Engineer: 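Below is one structure. I have some questions about it.
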2 protein chains.
Amino acid sequence: MNLLIKGIFSWRLFLLLEKTTSQGLRATGRRMTRTRKAVLSLLEGTQQPLSASEIFLQLQKDQIAIDLVTVYRTVNVLKELGLVVQLDLHQEGQSRYELKEGRKHHHHIRCQMCGKIVDLLLCPLKKLTKLIEERTQFVVEDHTLEFSGFCPKCQ
Amino acid sequence: MNLLIKGIFSWRLFLLLEKTTSQGLRATGRRMTRTRKAVLSLLEGTQQPLSASEIFLQLQKDQIAIDLVTVYRTVNVLKELGLVVQLDLHQEGQSRYELKEGRKHHHHIRCQMCGKIVDLLLCPLKKLTKLIEERTQFVVEDHTLEFSGFCPKCQ
DNA sequence: CATTTATTGCAAGTCTATTGCAAGTAAAAA
DNA sequence: TTTTTACTTGCAATAGACTTGCAATAAATG
């Protein structure tokens with residue numbers, strides 16, 4: 001398996017690709033391809049959640065030719081496999097994607113000025129979920145929580 | 001002022017239009033028009049938050065001809081005036097609008113099956129906001145919180 | 001009721017994302 | 001290794017939500 005995407009080797013990336021191939025793709029009759037490796041590699045090496053067009057542009061910079069359509073299809077496959085989380089942040093008009101692999105459930109805060117996104121490593125909603133289920137008679141499956149404001153640089 | 005939209009008179013609607021005109025529109029050099037009355041009237045009489053196209057279609061049913069573009073412009077004006085809140089619910093791909101007038105800050109739960117949206121008359125995030133400001137050094141301006149799951153009918 | 005200028009409708013455009021299909025290619029079978 | 005199978009990709013076209021330009025319309029004011 002060719003791991004030398006962009007000429008950079010990462011042990012974490014190797015494990016991620018291995019696991020994705022054997023437990024994710026192969027198990028669902030899918031294949032590990034050049035483009036899927038490239039997208040996984042990029043997401044693995046990036047802090048901020050990326051949009052489809054950002055992934056497209058970054059890979060273009062890295063001399064990896066992938067159609068934008070393929071980026072959309074790829075992140076959707078990775079989402080189905082549970083490897084990637086899709087974020088629909090308020091007032092962004094586009095989705096962002098981040099690796100879920102090995103990360104705890106968390107939320108985000110976004111700067112209204114520069115768009116910087118920072119992880120919030122907390123979730124205060126477990127108790128609240130029960131209360132809501134009692135009050136509304138819904139079965140709660142998911143929640144989204146997002147803060148926005150001004151980051152230190154933009155205040 | 002013609003209040004007889006759809007031939008139905010409502011005292012609450014009368015007060016809303018009066019207040020909107022004098023304190024909102026007039027104060028910002030804007031005008032109370034047939035279309036703004038119609039949109040306000042519809043939102044005032046609806047429980048669920050409505051999307052632009054839903055507003056458009058409902059007004060068409062009510063024999064009130066308003067262009068979809070005008071609906072978008074109208075809800076944006078009402079949003080600027082602070083009379084309407086824009087909701088960008090997860091996985092909906094479109095914004096919804098609800099009257100803010102006279103309502104407390106609240107959040108929503110949405111059925112993943114039928115799309116029904118129910119108000120949650122609570123907000124557990126006041127204390128959390130301070131903690132987040134301390135941890136991230138952001139100044140928090142806003143937050144969004146949304147639950148999803150299955151409503152009683154769809155379970 | 002005439003004037004001023006905000007507002008509307010229509011057409012066209014933007015942006016994000018999806019779909020159909022022929023060509024390309026990874027993985028299994030021979 | 002070669003062949004076969006069918007999953008993937010790129011390209012073009014399309015869909016859907018929303019915006020913009022502009023001429024025509026219609027509120028508000030004197």
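Per chain, numbering begins at 1; letters A, B, ... match sequence-line order. Because the structure is a prediction, the values reported are computed rather than measured.
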Engineer: For B:T70 and for B:G29, find the nucleotide of DNA chain C with the closest heavy atom, then tell me which residue's nucleotide is more 5'.
Structural biologist: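 Upstream on the strand: B:G29.
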Engineer: Heavy atoms under 4.0 Å, any strand shown: does A:R73 hit a base, just sugar-phosphate, or nothing?
Structural biologist: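 Contact class for A:R73: base.
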Engineer: Just the table, please: protein N/O against nucleotides 26-30 of chain D N/O, every pair under 3.5 Å.
Structural biologist:
from, atom 1, to, atom 2, distance (Å)
D:dA27, O3', B:M32, O, 3.4
D:dA27, N3, B:R31, NH1, 2.9
D:dA28, OP1, B:M32, N, 3.0
D:dA28, OP1, B:M32, O, 3.4

Engineer: With a non-hydrogen cut-off below 4.0 angstrom, is B:L68 in contact with a base, only sugar-phosphate, or nothing?
Structural biologist: nothing
Engineer: Decide if the gap between the ring center of A:H90 and the ring center of A:H108 is smaller than 6.0 angstrom.
Structural biologist: no
Engineer: Are A:I64 and A:R34 packed together at the side-chain level, in the sense that at least one heavy-atom pair is separated by less than 4.5 angstrom?
Structural biologist: yes
Engineer: Checking B:R12 against B:E44 for the salt bridge (Lys or Arg N to Asp or Glu O under 4.0 Å) test, could you report, in this order, the C-alpha distance in whole Å, the side-chain angles of both residues, the deciding distance, and whether it holds?
Structural biologist: CA-CA 8 Å; B:R12 287 181 55 191; B:E44 204 272 330; 3.4 Å; yes
Engineer: I'd like to know if the side chain of B:D142 pairs up with that of A:S148 as donor and acceptor (distance under 3.5 Å, no hydrogens or angles considered).
Structural biologist: no
Engineer: Under 4.0 Å between a side-chain nitrogen and a carboxylate oxygen: does that hold for B:R110 and A:E141?
Structural biologist: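 A:E141 and B:R110: not salt-bridged.
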Engineer: Is a donor from one side chain sitting under 3.5 angstrom from an acceptor on the other, for A:H106 and A:E98?
Structural biologist: yes
Engineer: Please give, in whole Å, the distance from D:dC18 C1' to B:F56 CZ?
Structural biologist: 14 Å
Engineer: Quick one: are B:K79 and B:V85 in side-chain contact, heavy atoms under 4.5 Å?
Structural biologist: no
Engineer: For B:Y72 and D:dC18, is the shortest distance between a side-chain N/O and OP1 or OP2 below 4.0 Å?
Structural biologist: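 Looking at the OP1 and OP2 atoms of D:dC18, one of them is under 4.0 Å from a side-chain N or O of B:Y72.
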Engineer: Rounded to the Å, how far apart are B:D67 CG and D:dA24 C1'?
Structural biologist: 14 Å
Engineer: Do A:T144 and B:L145 touch side chain to side chain, with heavy atoms closer than 4.5 Å?
Structural biologist: no
Engineer: Can you find a side-chain donor-acceptor pair between A:H107 and B:H143 that sits under 3.5 Å?
Structural biologist: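 Result is no, nothing qualifies.
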Engineer: Give me the first and last nucleotide of DNA chain C, going 5' to 3', that has any atom under 4.0 Å from a heavy atom of chain A.
Structural biologist: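 Boundary nucleotides touching chain A, in 5' to 3' order, are C:dT16 to C:dA27.
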Engineer: Is it the case that A:Q58 and A:D62 place a side-chain donor and acceptor less than 3.5 Å from each other?
Structural biologist: yes
Engineer: How would you label the contact of B:S95 with the nucleic acid (heavy atoms, under 4.0 Å): base, sugar-phosphate, or nothing?
Structural biologist: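 The residue B:S95 makes sugar-phosphate contact but no base contact.
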Engineer: Any side-chain N or O of B:N76 below 4.0 angstrom from OP1/OP2 of D:dT19?
Structural biologist: yes
Engineer: Which residues within residues 77-89 of chain A lie with some heavy atom under 4.0 Å of an atom in DNA chain C?
Structural biologist: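 Those residues whose heavy atoms fall under 4.0 Å from DNA chain C, taken from residues 77-89 of chain A, amount to none.
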Engineer: Under a 4.0 Å threshold between the charged nitrogen and the carboxylate oxygen, would B:E92 count as salt-bridged to B:R96?
Structural biologist: yes
Engineer: Between D:dA17 atom P and A:Q94 atom CD, what is the distance in whole Å?
Structural biologist: 18 Å
